[in-house]
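These notes are about the structure you will find just below.
All values derive from a computational prediction rather than experimental measurement.
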Amino acid sequence: MKKKITGLILLVIIMGAIGGIYLFTGSRNEAGTPGLISVSGYIGGEKTELLEDEEVQDILQNRYHLKTDYSKAGSLDMMTADLNGKNYLFPSSSIAEEYYTDLYGDPVQSEIILNTPIVLYTHRSVLDAFDSQGLITRNGNAYSIDMARLVELIQNDTRWSDIGLPELYGNVSVDTTDPAKSNSGNIFAALLANVLNGGQTLTEDDAAEIVPELQAIFGKLGYMETSSSDLFSQFLRMGVGAKPIIAGYESQLIEYASIHPEEYEKIKDDIVMLYPSPTVWSSHILIALDEKGQDFLDALLDDDIQEIAWKRHGFRTGNYGTLSDPDSLAADGIAASISQVTPVPSYDTMKIIIESLQ
């Protein structure tokens, strides 16, 4: 009898211990794995590969006990999306954060996590044609393009055949994502606005004169993608005839060369990155909507994650605005530093631009 009672007591103790462990891990284990906290949010599509990186996931899980769940959305679209159950937003510009603040008030926390400049992607034949027109400057292995001259070609309805490319149909233009929905298109519109404004940062006072010119340029593009990653993928797949030149992020080619070295080897002699002169920075900002979002923000600032973000995914972080050795990257033609930069217009000015291009 004594043994039975002792056994029952031990059983109760063991079951209680198991229940306590279950309650503890259950409260932390919304991700389905013991000890992990699930964080959910919207991200710009260009950051998908970074968050899917196995080493990044290991760091998030083992050091910070976090597992992230996300949905892709345009930087501006995510601000008006259903935020129920979301812990963070990860758009690609500070303009998006100001849009959030305009709609909902200040977030719990926000901070710039990643940076990348806007660039143009084109093909070798187009590069040579622009070079023949005096638009191209070479610095080492990196190429830059005179944006004022490029905009002049676009505004004058210059045909590709006029600059030595009779095999291409139509007029010189730059394909971009929808500036009213996606950050790369939005920031490229900001760059065009400054160029059209004589190189000066556009203000609300100048907008009335410049906006019609922007509308004319974007109005000729037809359907525009809402995801920069989708546009970049199409550019790589469809060839020079379909998309001679697009606007995107510097990070995209660096990441592609790192993740798909064999495919990059096949295209690297044709695909060319052009740095607009001037260009604009795209700042990828994490907007924390609650404490879980704050934990995720802190984790993404981990030194190892920041290094992976640059070396494998092309985002300039911390001290990576200037490179000591761009040749160490998998992609060719990366600028050692970004010096020709124009500021993005103010949020109020950008609202005028966005609304005019919807």
Side-chain angles (χ1 to χ4, degrees), residues 44 46-47 50 75 91-96 111-122 127 130-131 135-151 174 176-177 183-195 197 199-202 228-229 231-232 245-258 268 271-285 301 306-345 350:
E46 68 286 337
K47 294 181 281 286
L50 172 63
S75 291
S92 307
S93 78
S94 56
I95 295 298
E111 191 159 343
I112 294 172
I113 306 295
L114 312 165
N115 288 288
T116 188
I118 288 291
V119 299
L120 304 181
Y121 288 110
T122 191
L127 168 70
F130 284 148
D131 195 18
L135 275 67
I136 301 297
T137 301
R138 181 167 180 167
N139 186 2
N141 291 324
Y143 296 96
S144 61
I145 184 167
D146 186 326
M147 281 302 295
R149 296 283 305 280
L150 177 58
V151 169
V174 178
T176 181
T177 55
N183 181 70
S184 60
N186 179 249
I187 297 299
F188 185 64
L191 172 59
L192 289 180
N194 288 353
V195 172
N197 197 40
Q200 301 298 311
T201 305
L202 190 70
S228 54
S229 59
L231 177 61
F232 184 68
I245 183 168
I246 69 166
Y249 299 114
E250 178 195 48
S251 59
Q252 290 174 292
L253 189 64
I254 298 173
E255 181 179 69
Y256 184 82
S258 173
K268 71 175 186 177
I271 301 301
V272 182
M273 182 189 296
L274 301 177
Y275 289 89
S277 180
T279 189
V280 284
W281 281 103
S282 177
S283 298
H284 300 254
I285 190 163
L301 292 174
Q306 292 275 294
E307 184 175 2
I308 293 167
W310 166 238
K311 290 185 175 179
R312 288 213 289 268
H313 302 281
F315 293 104
R316 296 186 184 238
T317 59
N319 295 323
Y320 300 118
T322 299
L323 312 181
S324 58
D325 183 17
D327 293 335
S328 65
L329 297 171
D332 294 335
I334 308 303
S337 62
I338 309 296
S339 56
Q340 297 293 314
V341 179
T342 184
V344 175
M350 289 304 300

Inset, instruction - Test side chain to side chain contact (heavy atoms under 4.5 Å, CB included) on Leu301 and Glu111 and set out the steps. - result: CA-CA 10 Å; Leu301 292 174; Glu111 191 159 343; 3.6 Å; yes
Inset, instruction - Compare all side-chain heavy atoms of Leu135 with those of Leu150 and state whether any distance is below 4.5 angstrom. - result: yes
Inset, instruction - Can you see which heavy atom on Ala96 is nearest to which on Pro91, and at what distance? - result: CB-CB, 3.6 Å
Inset, instruction - Check whether any side-chain N or O of Tyr249 sits under 3.5 Å from a backbone N or O of Pro117 as a donor-acceptor pair, and report yes or no. - result: no
Inset, instruction - Would you please test Asn141 and Asp332 for side chain to side chain contact (heavy atoms under 4.5 Å, CB included) and show each step? - result: CA-CA 7 Å; Asn141 291 324; Asp332 294 335; 6.0 Å; no
Inset, instruction - Side-chain contact test, heavy atoms from C-beta onward, threshold under 4.5 Å: evaluate it for Ile136 versus Leu127 and give yes or no. - result: yes
Inset, instruction - For residues Leu274 and Thr122, determine if any side-chain heavy atom of one lies less than 4.5 Å from a side-chain heavy atom of the other. - result: yes
Inset, instruction - For residues Ser92 and Ser75, report the shortest heavy-atom separation together with the two atoms involved. - result: N-OG, 3.0 Å
Inset, instruction - Going by the side chain to side chain contact (heavy atoms under 4.5 Å, CB included) test, name the single residue among His313, His284, Glu255 that passes it with Glu46. - result: His284
Legend entry - Smallest separation among heavy atoms of Thr116 and Gly314, with atom names: OG1-O, 4.3 Å
Legend entry - More than 12 heavy atoms of other groups within 6.0 Å of Asp131 CG: yes
Inset, instruction - Check whether any side-chain heavy atom of Asn183 sits under 4.5 Å from a side-chain heavy atom of Ser228, and report yes or no. - result: no
Inset, instruction - Answer yes or no: is there a side-chain heavy-atom contact under 4.5 Å between Trp310 and Leu114? - result: no
Inset, instruction - For the pair Asp146 (side chain) and Arg149 (backbone), establish whether a donor and an acceptor sit closer than 3.5 Å, ignoring hydrogens and angles. - result: yes
Inset, instruction - Return yes if some donor-acceptor pair links the side-chain N/O of Asn194 with the main-chain N/O of Pro343 below 3.5 Å, else return no. - result: yes
Legend entry - Student check: side-chain heavy atoms of Leu191 and Thr342 closer than 4.5 Å: yes
Inset, instruction - Look only at the side chain of Tyr143 and the backbone of Met273, and say whether a donor-acceptor pair between them is shorter than 3.5 Å. - result: no
Inset, instruction - Let me see the working for Trp281 and Ser93 under side chain to side chain contact (heavy atoms under 4.5 Å, CB included), right down to the final yes or no. - result: CA-CA 9 Å; Trp281 281 103; Ser93 78; over 6 Å; no
Inset, instruction - May I ask you to decide whether Arg316 forms a salt bridge with Glu250, counting only side-chain N to carboxylate O separations under 4.0 Å? - result: yes
Inset, instruction - Without swapping roles, check the side chain of Ser144 against the backbone of Pro276 for a donor-acceptor pair under 3.5 Å. - result: no
Inset, instruction - Please answer whether the main-chain N or O of Gly199 pairs with a side-chain N or O of Asn197 as donor and acceptor at a distance below 3.5 Å. - result: no
Inset, instruction - Starting from the C-alpha separation in whole Å, work towards a yes-or-no answer on side chain to side chain contact (heavy atoms under 4.5 Å, CB included) for Val174 and Phe188. - result: CA-CA 10 Å; Val174 178; Phe188 185 64; 3.9 Å; yes
Inset, instruction - Evaluate the side-chain proximity of Ile334 to Tyr275: yes if any heavy-atom separation is below 4.5 Å, no if none is. - result: yes
Inset, instruction - With sequence neighbours left out, write down each residue that passes ring pair (Phe, Tyr, Trp, His ring centres under 6.0 Å) with Tyr121, or none if nothing qualifies. - result: Phe232
Inset, instruction - Indicate yes or no: at least one non-hydrogen side-chain atom of Pro278 is less than 4.5 angstrom from one of Val341. - result: no
